[in-house]
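Read the structure below first, then the notes.
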Amino acid sequence: MSTYNRIYAIVRQIPIGKVATYGQVAELAELYGKARLVGYALYRVDKNSDIPWHRVINAKGEVSESPLRLGSDYVQRSLLEAEGIEFNAEAKIDLRKYQWQPTIL
DNA sequence: AGCGTGACGCGTG
DNA sequence: ACACGCGCCACGC
């Protein structure tokens with residue numbers, strides 16, 4: 001089980017209609033303080049995979065942009081809105097309302 | 001065995 | 001609100 005596979009395993013558990021932050025995924029994968037790794041891992045995710053990569057956003061509640069997507073970052077927002085997640089005028093998500101609360105053991 | 005390349009997060013001013 | 005600085009590390013040449 002590689003480090004990235006652990007990250008993907010966590011991301012796969014995020015339910016529809018909820019989001020998780022990079023830092024949160026890092027913690028759940030026991031990679032405390034290594035939020036960047038989560039970003040690096042998602043950068044490599046294939047869009048056609050079964051990983052709900054779009055449900056991972058940054059700690060500010062914004063969709064992070066990536067040059068890899070060549071300006072198609074709006075796709076992530078669309079996918080989230082399709083799941084019922086709302087964005088405010090600042091293009092941010094209310095984490096208090098939509099952040100995934102993992103079942104505690 | 002380097003080295004460049006990346007979707008972060010938090011603190012400080 | 002903005003601009004830094006810095007810790008962090010897997011992967012493909």
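Chain naming here is simple, since letters A, B, ... match the order of the sequence lines and numbering starts at 1 in each.
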[N] [atom2] sits how many Å from [X] [atom1], rounded?
X: Leu80(A); N: dA7(B); atom1: CG; atom2: P; answer: 18 Å
X: Leu68(A); N: dG12(C); atom1: CG; atom2: P; answer: 15 Å
X: Leu28(A); N: dC8(B); atom1: CG; atom2: P; answer: 18 Å
X: Gln24(A); N: dA7(B); atom1: CD; atom2: C1'; answer: 16 Å
X: Lys60(A); N: dC10(B); atom1: NZ; atom2: P; answer: 10 Å
X: Leu31(A); N: dA7(B); atom1: CG; atom2: P; answer: 19 Å
X: Leu95(A); N: dG9(B); atom1: CG; atom2: C1'; answer: 13 Å

> How is Glu65(A) classified with respect to the nucleic acid when contacts are heavy atoms under 4.0 Å: base, sugar-phosphate, or nothing?
Replying inline: sugar-phosphate
Considering only heavy atoms from C-beta outward, does the side chain of [X] approach that of [Y] to under 4.5 Å?
X: Ile10(A); Y: Gln24(A); value: no
X: Tyr22(A); Y: Ser64(A); value: yes
X: Val25(A); Y: Val11(A); value: yes

Report, one pair per line, the protein and nucleotides 7-11 of chain C atoms (nitrogen or oxygen only) whose separation is under 3.5 Å.
residue, atom, partner, partner atom, Å
dG7(C), O6, Arg36(A), NH1, 2.6
dC8(C), N3, Arg36(A), NH1, 3.3
dC9(C), OP1, Lys34(A), NZ, 2.7
dC11(C), O4', Arg44(A), NH2, 3.2

> What is the pairing partner of dA10(C), taking Watson-Crick or G-U wobble pairs with both distances under 3.5 Å in any strand?
Replying inline: dT5(B)
>> Pairing check on dC10(B): which nucleotide meets the Watson-Crick or G-U wobble criteria with it, both distances under 3.5 Å?
In response: dG5(C)
> Under 4.0 Å between a side-chain N/O of Ser64(A) and OP1 or OP2 of dA7(B), yes or no?
Replying inline: no
> Of the options Leu95(A), Val19(A), Leu28(A), which is the one that meets Trp100(A) in a side chain to side chain contact (heavy atoms under 4.5 Å, CB included)?
Replying inline: Leu28(A)
> Just how far is it from atom CG of Leu80(A) to atom CD of Glu86(A), taken to the nearest 0.5 Å?
Replying inline: 12.0 Å
> When you look at CD of Gln13(A), are more than 12 heavy atoms from neighbouring residues, nucleotides or ligands closer to it than 6.0 Å?
Replying inline: yes
> Does Arg44(A) make a cation-pi contact with Tyr4(A) (under 6.0 Å, within 45 degrees of the axis)?
Replying inline: no
